[in-house]
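Notes to accompany the following structure.
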Amino acid sequence: MKKQALKTMVAAVAVLSTAAIAQAATVEVNIYGASAQYLFWNTAATNFLTAKGCSSVTKAEDSSKKHGITSGKACSGFGGNDVIIRYSSKASYESVRSLKGTTNPDSCPNAYQRKMADSITAPNTLTCQTITLGASDVSGEAFVQESHGQKFGPLGGGLVDNVLTGENASGLTSYNPLVVPFGFFVNNAVTAKKCTTAAGAMAGEYCASDADCGGTAGSCGAASTIDNITRLQAVSIFSGTIADWSDFGGYFTAQPVVACLRHAGSGTAAALDFSVVRGNGWGSGLASFENPGAVWFNEGSTDLIKCVNGNSTATPSGSAIGAIGYADADQTVGAAGTSQNVKAVKYNGHFGTRYNLRNGVYDFWTTQWVYEDTARTTIAQRPIVDALVAYASAPANVPATKAKYWATKDEMKFFKGSEAEYPYLLGAVNPQLP
C-alpha cells in the first residue's frame with residue numbers, strides 16, 4: 001500500500017514537472033522609436049536579461065544597425081520563460097504613433113505593428129511585430145517642427161514632407177527613467193585659426209593674424225578642425241540664416257556651411273529646437289526646407305552622421321566639406337580604420353558628459369519618455385516591462401559604454417519639467433513657474 005502511494009506521488013510530481021515545462025513560454029517585449037537610444041537599449045537589454053537569471057543571452061542586429069534583438073533563455077527572474085527584447089530605431093514621434101495605431105508606415109497587418117528584426121539568427125529579415133513600449137527623446141507634445149526634403153539628405157531616398165503639430169499621448173502611461181545627452185559634430189574640413197601658447201592669456205582664442213593674439217610673432221597658429229560651437233553659432237546655422245563659415249570671422253576657413261538636420265518627428269531635432277535654437281526665446285526656429293548643398297534633412301542619427309561625413313550619391317566615402325550636425329552626445333565617430341572624417345565638438349565650451357548634465361554645466365539634453373498602452377500589455381509582459389523600466393532608472397545600471405554620458409533622472413541635480421523649460425536646481429524655487 002505504501003509502495004503504491006509512493007508510486008502515485010512520484011507520478012504526480014512528474015506530471016507537475018512536465019506541466020511546468022509545458023507552461024514555459026517565449027515572451028517578447030518590443031521597443032520602438034528614438035534613434036538616439038538604439039545603442040542604449042540594445043546594450044541594456046543584454047545586461048538586464050543576464051541580471052534576471054537568463055541563460056544563453058545573445059544579441060544580434062541587422063546590417064543597417066537600426067534593428068537589434070536580444071534573447072535570453074530560461075529566465076529564472078521571469079518564471080523560467082524565454083525572453084526576447086527587440087529595439088528598432090526610427091524617430092521619436094513613432095513611439096506614440098505605434099502605440100496609438102494612428103499610422104501604418106510599414107503596411108503591417110495592423111497599425112500597432114512595425115517591422116523589426118525577426119530573430120537572433122535572421123536579424124536582417126524584418127517582420128511585423130506588435131510594439132510594447134515607445135521610446136522618445138521628448139514628450140509627444142514637443143513635436144511641432146516641420147521638414148521638407150530628401151529622406152536621406154544628400155543620399156536621396158525620395159521626398160519627405162513632415163508637418164507636425166504635436167503627438168497626442170493622452171491615454172498612454174509614461175515613464176522617465178533617463179536623461180538623454182546631445183552634442184554637435186563637424187566634418188574635419190571645418191577649420192579655424194587659434195592663438196598658440198605663445199600668446200599667453202590669449203592662448204586658445206580665435207585669431208586671423210598675430211595681432212589678434214597680442215602681436216607676438218607666430219602666436220596665431222595654422223587652421224585646424226574646430227573644437228567648440230557656441231549657442232549663437234548653432235542658432236545661426238540650424239535656422240539656415242548663415243551661408244559661409246567665414247561669416248563668423250576671418251579666422252574661419254572660408255567655405256559654405258552645410259547644415260545636416262534630422263527630419264521633423266526626430267526627438268533629437270525637437271531637443272535642438274527647444275534646448276538650443278528657439279525654445280527658451282533666444283533664437284528663431286529650425287530650418288524647414290531643404291537647400292541642396294546648404295541644408296539637408298536625414299531620417300536617423302546614422303544618416304545624419306553620413307551627411308556630416310560628406311557622403312552623397314557622388315562621394316559615397318565622404319568628402320571634405322563644411323558640414324555640421326547634431327546627434328546623441330556619445331555617437332561614435334572618426335574611429336581608426338574607418339572612412340569617417342567627423343569630429344565631436346564641445347558646446348559652449350563643454351562636452352555633454354554625465355557629470356556636466358547632472359551638475360548644471362551643460363543644457364543640451366532632454367528627459368526620456370517611455371510610453372506604454374497598459375491595456376495592450378499582456379499578463380506575461382507585465383513583470384518584464386516593470387522590471388526593465390526599474391532597471392533603466394537605476395544609476396548603477398547605465399551600461400559601461402554609456403556611463404560617461406547618459407544619466408538617470410533620479411541622479412540629476414538640475415532638471416526641467418518640460419522641453420520648453422530651462423534647467424533649474426532641484427529643491428530651489430523654479431523661476432519659470434508663475
Would you sort out whether Glu146 and Asn162 count as a side chain to side chain donor-acceptor pair (under 3.5 Å), showing the intermediate values? CA-CA 5 Å; Glu146 66 176 291; Asn162 286 348; over 6 Å; no
Start with the C-alpha gap between Asp118 and Thr125, add the side-chain angles, then the distance that decides, and say whether side chain to side chain donor-acceptor pair (under 3.5 Å) holds. CA-CA 6 Å; Asp118 181 73; Thr125 300; 6.0 Å; no
Assess whether side chain to side chain donor-acceptor pair (under 3.5 Å) is satisfied between Thr408 and Asp410, documenting all intermediate values. CA-CA 6 Å; Thr408 61; Asp410 291 344; 5.9 Å; no
Verdict with supporting geometry, Phe364 and Phe184, ring-ring contact (aromatic ring centres under 6.0 Å, His included): CA-CA 10 Å; Phe364 188 12; Phe184 294 100; 5.2 Å; yes
Stepwise ring-ring contact (aromatic ring centres under 6.0 Å, His included) test for Tyr362 and His350: CA-CA 7 Å; Tyr362 191 88; His350 298 282; 7.9 Å; no
Give the intermediate values and the outcome of side chain to side chain donor-acceptor pair (under 3.5 Å) for residues Arg86 and Thr70. CA-CA 6 Å; Arg86 294 182 180 87; Thr70 306; over 6 Å; no
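Between the side chains of Glu28 and Thr26, no donor N or O sits under 3.5 Å from an acceptor N or O. Glu290 and Gln150 are not linked by any side-chain donor-acceptor pair at a separation below 3.5 angstrom, with hydrogens and angles left out of the test. For the 3.5 Å distance criterion, the side chains of Asn30 and Thr132 fail to qualify, holding no donor opposite an acceptor. Looking at Ser71 and Thr58, their side chains never bring a donor and an acceptor atom within 3.5 Å of each other. No hydrogens or angles considered: a donor-acceptor pair under 3.5 Å links the side chains of Ser35 and Arg262. Using a 3.5 Å distance cut-off with no hydrogens or angles, the side chains of Asp137 and Gln37 do pair a donor with an acceptor. With 3.5 Å as the limit, one finds no donor-acceptor pair spanning the side chains of Ser275 and Glu419.
In the displayed structure, Lys115 atom NZ is contacted under 6.0 Å by at most 12 heavy atoms of other residues, nucleotides or ligands. Heavy-atom contacts from other residues, nucleotides or ligands closer than 6.0 Å to CG of Leu159 number more than 12.
Note: Phe40 and Trp406 have parallel aromatic rings, judged against thresholds of 30 and 60 degrees for the angle between ring planes. Using bins of under 30°, 30° to 60° and over 60° for the plane-to-plane angle, the ring pair Trp41/Tyr87 lands in the parallel bin. Taking the six-membered ring for Trp and thresholds of 30 and 60 degrees, Phe415 and Trp365 have ring planes inclined between 30 and 60 degrees apart. Using bins of under 30°, 30° to 60° and over 60° for the plane-to-plane angle, the ring pair Tyr371/Trp369 lands in the parallel bin.
The existence of a salt bridge linking Glu299 and Lys90 is confirmed by a sub-4.0 Å separation between a basic side-chain nitrogen and an acidic carboxylate oxygen. Between Asp62 and Lys66 there is no salt bridge, since none of the side-chain N atoms of the basic residue sits less than 4.0 Å from a carboxylate O of the acidic one. Classification of Lys404 and Asp330 as a salt-bridged pair fails, no side-chain N sitting under 4.0 Å from a carboxylate O.
Under a cutoff of 6.0 Å and an axis angle of 45°, Arg376 and Tyr112 form a cation-pi pair.
For the pair Val144 and Thr165, the minimum side-chain heavy-atom distance is 4.5 Å or more.
Gly352 approaches Tyr405 most closely through the heavy-atom pair O-CD2, 3.2 Å. Of all heavy-atom pairs between Ala271 and Thr366, the closest is CB-CG2, 3.3 Å.
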